[in-house]
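What follows is a set of notes on a single structure, which appears directly below.
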Amino acid sequence: MKNSVSFYWKCQLIGWSGASLYWFVQGSSGDGFSWSAGLLHFLADIALYILITHLYRTFARNNNWQNSPLNLLFKRLLLALPIMAIAYTGVTVTKIYLIRLVFAQGTNVEILEFIRQNLPGILMAGFRLMAIWMLAYHLYQYSRREIRLVKENASLQLRYREAQLDKLSDQLNPHFLFNSLNTIKSLISTDTKLARRGIDLLSELLRSSLYRQASLTHTLAEELELAKDYLELEKMRMEERLTFSVHADQSLNNFPVLGLSIQTLAENALKHGVSKLKDGGHIAINISRETGFLEIMVTNPGIINEDPDHIGIGLKNLKERLRLAYHGQATFKLFKKNDDLIYSVIRIPLR
């Protein structure tokens with residue numbers, strides 16, 4: 001593979017080489033200029049100032065400054081700038097004094113007098129140069145972050161539209177509609193109240209798919225109602241083969257979660273779990289707080305493919321939407337325990 005120099009290192013080398021060359025040319029026009037001393041200054045400037053700024057970059061990256069809000073980043077820069085200017089001044093004064101000492105051919109220059117003469121100018125230059133470098137670096141990082149967020153939001157919007165279309169396709173699927181309508185039809189002559197309830201549930205599911213707001217997130221309470229409507233309608237068809245329960249921390253009712261996320265887990269539990277078992281089974285939805293996370297857990301009996309990558313389109317879509325919406329801080333896991341239950345677990349940061 002062909003080795004390449006990153007954009008950051010290109011900017012470092014070109015920027016500090018250009019500045020050092022400018023100082024070299026300025027110095028060469030003065031009296032008593034030494035080409036050996038000038039070349040040493042030139043190389044030392046490039047190496048030392050790249051070292052200072054690179055140490056700053058490493059510190060900023062390790063502390064995630066590139067993702068800080070602008071007001072917090074501005075406060076941090078105000079504190080960091082004097083430190084950077086002082087570091088520049090210390091390095092520069094030491095470099096100049098040592099080089100002059102080496103090339104002065106035995107002439108001693110008192111260090112305190114040298115510092116008194118050169119410190120103010122070098123310190124002001126340090127503030128100016130470090131401020132320019134830090135602003136350029138963080139403006140570039142900010143522009144990259146904005147571009148990344150725009151791309152992620154666009155991808156998230158697309159994934160959400162795909163999820164909406166998938167759900168609409170499922171709910172307009174003739175098989176789903178015929179089963180639901182046949183169930184309601186059979187109930188009309190035996191339990192008109194339950195039949196009316198079935199019509200309400202079916203219309204609510206279709207209305208949610210067709211007319212629900214385009215927001216990427218909805219409250220937890222709204223998402224639970226949608227999942228419960230779906231499971232209640234399916235229970236009318238499967239009767240005693242399907243039971244379900246929902247337990248949620250009521251304090252989380254208004255917490256925003258991804259649209260169609262809980263229903264996706266409920267549908268997966270039914271289609272690939274309970275409906276494939278002769279005696280059916282129980283689907284449990286549990287919502288709780290777990291060490292700084294909101295945990296959505298759906299459990300059901302069934303068989304799970306041992307290959308963790310072998311999941312359906314709906315779950316892959318959900319996993320990708322979680323990654324984009326929460327920048328990798330949310331997780332989705334599908335696994336089976338010794339109790340022969342399949343666990344579908346979403347963990348979303350509460351902050």
Side-chain angles (χ1 to χ4, degrees), residues 162-184 186-187 194 197-209 212 218 220-248 257-287 295-306 308 310-319 321-322 332-337 339-346:
E162 289 177 355
Q164 283 184 313
L165 290 174
D166 287 342
K167 292 298 171 287
L168 180 59
S169 177
D170 287 343
Q171 288 158 6
L172 293 180
N173 186 293
H175 183 71
F176 174 83
L177 282 176
F178 290 156
N179 284 340
S180 300
L181 291 174
N182 284 332
T183 299
I184 294 169
S186 65
L187 289 171
L194 194 58
R197 175 61 178 162
I199 293 172
D200 290 340
L201 292 171
L202 181 59
S203 62
E204 179 62 24
L205 284 170
L206 294 176
R207 184 194 66 80
S208 296
S209 297
R212 209 173 191 198
H218 302 94
L220 178 64
E222 290 173 336
E223 287 301 304
L224 281 175
E225 283 301 315
L226 188 63
K228 286 191 286 188
D229 287 349
Y230 170 78
L231 290 173
E232 188 178 346
L233 184 60
E234 288 289 3
K235 178 173 174 55
M236 291 181 184
R237 178 175 63 87
M238 298 180 65
E239 297 180 339
E240 70 277 0
R241 290 183 61 232
L242 171 63
T243 58
F244 68 91
S245 62
V246 177
H247 301 285
V257 297
L258 281 182
L260 304 174
S261 55
I262 301 177
Q263 188 186 355
T264 298
L265 297 186
E267 288 187 11
N268 186 72
L270 180 67
K271 292 181 179 179
H272 302 289
V274 174
S275 66
K276 295 184 178 296
L277 301 176
K278 180 180 178 181
D279 297 326
H282 181 80
I283 295 175
I285 300 176
N286 293 282
I287 315 292
E295 184 175 272
I296 302 170
M297 179 185 295
V298 177
T299 59
N300 62 276
I303 299 173
I304 186 173
N305 193 301
E306 295 299 328
H310 190 77
I311 60 175
I313 294 176
L315 293 183
K316 286 182 179 178
N317 190 313
L318 174 61
K319 191 173 183 179
R321 288 198 294 136
L322 286 169
F332 168 72
K333 292 183 179 179
L334 181 69
F335 57 92
K336 191 170 185 177
K337 288 187 176 180
D339 54 8
D340 291 330
L341 290 178
I342 297 174
Y343 289 76
S344 305
V345 181
I346 294 174

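Since we're looking at a predicted model, the values are computed, not measured. Counting begins at 1 with the first residue of the sequence.
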Where do [X] and [Y] come nearest, in terms of heavy atoms and distance?
X	Y	value
Phe332	Ser344	CE1-CB, 4.3 Å
Val298	Ala269	CG1-CB, 4.0 Å
His282	Pro301	O-CD, 3.3 Å
Gly198	Leu233	O-CD1, 3.8 Å
Gly281	Val274	N-CG1, 3.3 Å
Ala227	Ile285	CB-CD1, 4.3 Å

Verdict with reasoning, Leu318 to Leu265, per side chain to side chain contact (heavy atoms under 4.5 Å, CB included): CA-CA 9 Å; Leu318 174 61; Leu265 297 186; 3.8 Å; yes

Please round to the nearest 0.5 Å and tell me the distance separating atom [atom1] of [X] and atom [atom2] of [Y].
X	Y	atom1	atom2	answer
Glu223	Ser261	CD	OG	5.0 Å
Glu225	Gln263	CD	CD	12.5 Å
Glu267	Leu231	CD	CG	9.0 Å
Leu270	Lys276	CG	NZ	10.5 Å
His272	Ile303	NE2	CD1	13.0 Å
Leu242	Asp279	CG	CG	13.0 Å

Applying side-chain contact (heavy atoms from CB on, under 4.5 Å), can you list everything that pairs with Asn286, at least two apart in sequence or on another chain? His247, Ala284

Tell me which one of Thr299, Asn268, Asn300 satisfies side chain to side chain contact (heavy atoms under 4.5 Å, CB included) with Ile342. Asn300

Has Lys228 got a side-chain atom pairing as donor or acceptor with Phe244's backbone, closer than 3.5 angstrom? no

Would a distance-only check, ignoring hydrogens and angles, find a side-chain to backbone donor-acceptor pair under 3.5 Å from Glu295 to Ile346? no

pair Leu220-Ile262: side-chain heavy atoms closer than 4.5 Å: yes

side-chain hydrogen bond (donor to acceptor under 3.5 Å, both in side chains) partners for Arg241, two or more places apart: none

Could you check Met297 against Tyr343 for side chain to side chain contact (heavy atoms under 4.5 Å, CB included), going step by step and ending with a plain yes or no? CA-CA 7 Å; Met297 179 185 295; Tyr343 289 76; 3.7 Å; yes

Contacts of Lys235 that satisfy salt bridge (Lys or Arg N to Asp or Glu O under 4.0 Å) - sequence neighbours left out: none

Intermediate values then yes/no, side chain to side chain contact (heavy atoms under 4.5 Å, CB included), Asp200 and Asp229: CA-CA 9 Å; Asp200 290 340; Asp229 287 349; over 6 Å; no

